[in-house]
Every structure is written in structure tokens, then in C-alpha cells.
Number of protein chains: 2
Amino acid sequence: MQQVERHTLRELIVESGLKATHQRIVVYEALTLLHSHHPTAEEVHLHLKPENPSISLGTVYKTLDSFVDAELIRRVLTEEGGKRYDANITAHSHIYCSNTREVIDYEDTELEQLLTDYFKKRRVENFEIKSFSVQLTGKKVEPDKQISISRLIK
Amino acid sequence: MQQVERHTLRELIVESGLKATHQRIVVYEALTLLHSHHPTAEEVHLHLKPENPSISLGTVYKTLDSFVDAELIRRVLTEEGGKRYDANITAHSHIYCSNTREVIDYEDTELEQLLTDYFKKRRVENFEIKSFSVQLTGKKVEPDKQISISRLIK
DNA sequence: CTGCGTGCAAAAAGTTTGCACCTGT
DNA sequence: ACAGGTGCAAACTTTTTGCACGCAG
């Protein structure tokens, strides 16, 4: 997902039944670039403004909504109450750091497999499950090596 | 949790180091009553108004924040972007219905145990995990008996 | 050329804050 | 008595909406 060129983004958008406008392409591109940030609409807009001064925040909101509807991207669950978006729609989990309020990707194929197997045999009553993910909450513990210059400058 | 009388609620609040004011007691009570709704601050306020006309929405917001800080209740993760609260702080998971936008409790001790065991042996790097929960997303499938008059009227 | 998408600005929703007054301990 | 909590209203943040214009198919 890291290095997808514009041509492919356009195709993905068209395949979802949406018009591939310039705005949609750059919003999608921004999401893949900022994927580890799980950005808000405003963060996407901020990121795009320098290169695309005319793009409006309203359009970013509408675009993200269309993408979610089209299942091109997904909303990230959050305790904070804001809307965050994730271009990575493959099965993966998230860790919420209650200190920094970040949402960090947690990719663990063994865990995904464990749950896939579990839900294969155990159906939930009156419910058609589309996806599942594990939400971990905790606190980042900085390893020594991460006490770098950027920290000391502050 | 269903049937906790006011005396006990008061004790829980005091034990968390908070003053047991009338407002806090009724807010907590409302949360336990509406627990399956995972209400927002506004829904709690609406529920309380008839019996407590003078309680202000601002106080409900502040009270819920204090309760979360005191770990008396927890925020419910949501895709919608609003803040929802849950008085049930025991390990349990949630199902999000993309049709009705409800968050439904999913209690499955086998699942909780599976995950507890899994995370007991597998520590997450640079992270101190405090809690985890599984988020299922899907669509409610109404069983026949639920096709009731209210549906046909529409 | 046609309808969906965009930009803009205003409005609505949701949440926080400041401050004078009140109340549990 | 006094620290902490409450009510109220204003401010702020975030998201949605309506509409005239623009552009992809």
C-alpha cells in the first residue's frame, strides 16, 4: 500500500463506482501516505493544501464519506470522539495509547488467524459479521534507543 | 450491574475518591439503566431531565469525564465520532451494527479467555497493555419474530 | 451534455470553558 | 469552612448542508 502510484489509485476509485476526480485521487493518496497517522479530515486537508490550495475542507469530508461508503477505506474506532480514517482495509488491529492519544497499527497474523478460526465455528446470533478487529489500550513504553536528539532538543 | 441500589452507587463513587453528589449518583444510575444503549452525554441528560429538571448538560459532560478518569466507567469506541459511555467495565466486546448504528454488547467468556491467554504469552513491544476488546462490525439480521407491527406500519 | 462532484459559506452538532454560587465532607 | 462540584451561557471545535458552478464520463 505504501508505494501505489496515481494510476493505480485512479483505478481503485473507478472500480468502486466513483468518478476519479483530481480531489479524490489526492485525498486517497494522502491517506496512504499518512496511513500510520490515521488522520482526521482536517489533517488530510492540511496535508493537501500546500500542493492543492483550492481543495476545500468540505470536499475532503465528503470524499472520505464516499470512500467509506464504497469500502475503499474504513473509519478507525476512537475513544476521543473524532473521526479518523485508514486506507488499510486488510485485517489488522489497533493499539490506542492513552498517553499520546495515538492509534497505532498492530499487525499480528497469528492473532488474526486465531480470531478468524474462532468466528468460523462460532456464529453470532442474529448477526452477519462483516469484520472484526482487536482494540488494545495501553501506554507506550519508550525503549532506550528512542531517547534520541529530537527528544533532548525539546 | 442491572439492579444496584443508590446506596451502593454512592459507595462506588466515594471509593473512587469523588464526592457523592446527587448529580453523580443519578448520572451513574442512568448509565447502568441505559447500559445496553451505551448512551451519549446528551442521552443521559435527556433521560435525567424529567426527574431532575435542574441538572445541566454541562454537568453531565463533566461528570462522565470524572467517571472515566476515575475508571468507574469507560468510553465506548465508536466509528461514528461521538462519545459514548459504558458503565460495564468488565471484559466484554462490542458489535457495531452498520445499519442501525447501534453498539451492542457481546459477552463471550470463551473469546475473552482465548485472548487473555494469547496476550499472556505474547507481549506487545514497547507497550504496556491495559485492556483489549474485540470489535465486531456487521449487520443485524432480524429473526422472524422480530418482524412485528412496528415494522409493518412504516 | 448531463449528472455527479466541488467550493464556499452558513448552520448545526457536539463539547469545553469560565465564573459565581452551592454543597458534601 | 472550604475544596470541589454545579448551572448557565458563551465560546470553540468538528461536521453537515445548500446551492451555484465545474468537470469527468
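First the proteins, then the strands, lettered A, B, ... as listed; each starts at 1. A quick note: this is a predicted structure, and the numbers were derived from the prediction, not measured.
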**OP:** Give one of base, sugar-phosphate or nothing for T40(B), where a contact means two heavy atoms less than 4.0 Å apart.
**Re:** nothing
Original post:
Rounded to the nearest Å, what distance is computed from the CG atom of residue D65(A) to the P atom of nucleotide dG5(C)?
Top reply: 13 Å
Original post:
On DNA chain C, nearest-nucleotide positions of V14(B) versus L57(B): which is more 5'?
Top reply: L57(B)
Original post:
What is the distance, rounded to the nearest whole Å, between atom OH of Y61(A) and atom P of dG7(C)?
Top reply: 15 Å
Original post:
Touch check for S66(B), heavy atoms < 4.0 angstrom, all strands: base, sugar-phosphate only, or nothing?
Top reply: nothing
Original post:
Taking CG from L18(B) and C1' from dG24(C), how many angstroms apart are they, rounded to a whole number?
Top reply: 13 Å
Original post:
Base, sugar-phosphate, or nothing: which does A41(A) touch, judged by heavy atoms less than 4.0 Å apart?
Top reply: nothing
Original post:
Atom CD1 of I25(A) and atom P of dG5(C): how far apart are they, to the nearest Å?
Top reply: 13 Å
Subject >> Nearest-Å distance for atom pair CG/P, residues L64(A) and dG5(C) >> reply: 14 Å
**OP:** Report the distance from atom CD of E11(B) to atom CG of L9(B), rounding to the nearest 0.5 Å.
**Re:** 9.5 Å
Original post:
From the 5' end of DNA chain D to its 3' end, which nucleotides mark the outer limits of contact with chain A, defined by a 4.0 Å heavy-atom distance cut-off (strictly under)?
Top reply: dT14(D) to dG25(D)
Subject >> Backbone N/O of N52(A) and side chain of H22(A): donor-acceptor pair under 3.5 Å >> reply: no
**OP:** Quick one: label T21(B) by what it contacts on the DNA or RNA (base, sugar-phosphate, nothing), any heavy atom closer than 4.0 Å.
**Re:** sugar-phosphate
**OP:** Figure out the CD/P separation between Q23(B) and dC22(C), and round it to whole Å.
**Re:** 13 Å
Subject >> OG on S98(B) to CZ on R75(A), rounded to 0.5 Å >> reply: 11.5 Å
**OP:** Taking the six-membered ring for Trp and the full ring for Phe, Tyr or His, determine whether the centres of H47(B) and H45(B) are under 6.0 Å apart.
**Re:** no
Original post:
When you measure from the side chain of T59(B) to the backbone N and O of I55(B), does any donor-acceptor pair fall under 3.5 Å?
Top reply: no
**OP:** Would you mind telling me which of dG7(C), dT15(C), dT17(C) lies closest to the side-chain atoms of K62(B)?
**Re:** dT17(C)
Original post:
Using a cut-off of 4.0 Å on non-hydrogen atoms, how would the nucleic acid contact of N52(B) be classed: base, sugar-phosphate, or nothing?
Top reply: nothing
Original post:
How far apart are the C-alpha atoms of I13(A) and F67(A), what are their side-chain angles, what is the distance that settles it, and do they pass the side-chain contact (heavy atoms from CB on, under 4.5 Å) test?
Top reply: CA-CA 8 Å; I13(A) 294 168; F67(A) 285 175; 4.2 Å; yes
Original post:
Rounded to the Å, how far apart are D69(A) CG and dG5(C) C1'?
Top reply: 15 Å
Subject >> Interatomic distance where CD1 belongs to I55(A) and P belongs to dG5(C) [whole Å] >> reply: 14 Å
Original post:
Is the side chain of H38(B) donor-acceptor paired with the backbone N or O of V103(B) at a distance under 3.5 Å, no angle test?
Top reply: yes
**OP:** Name the residue closer to the 5' end of DNA chain D, choosing between V60(B) and K19(B) according to the nucleotide with the nearest heavy atom.
**Re:** K19(B)
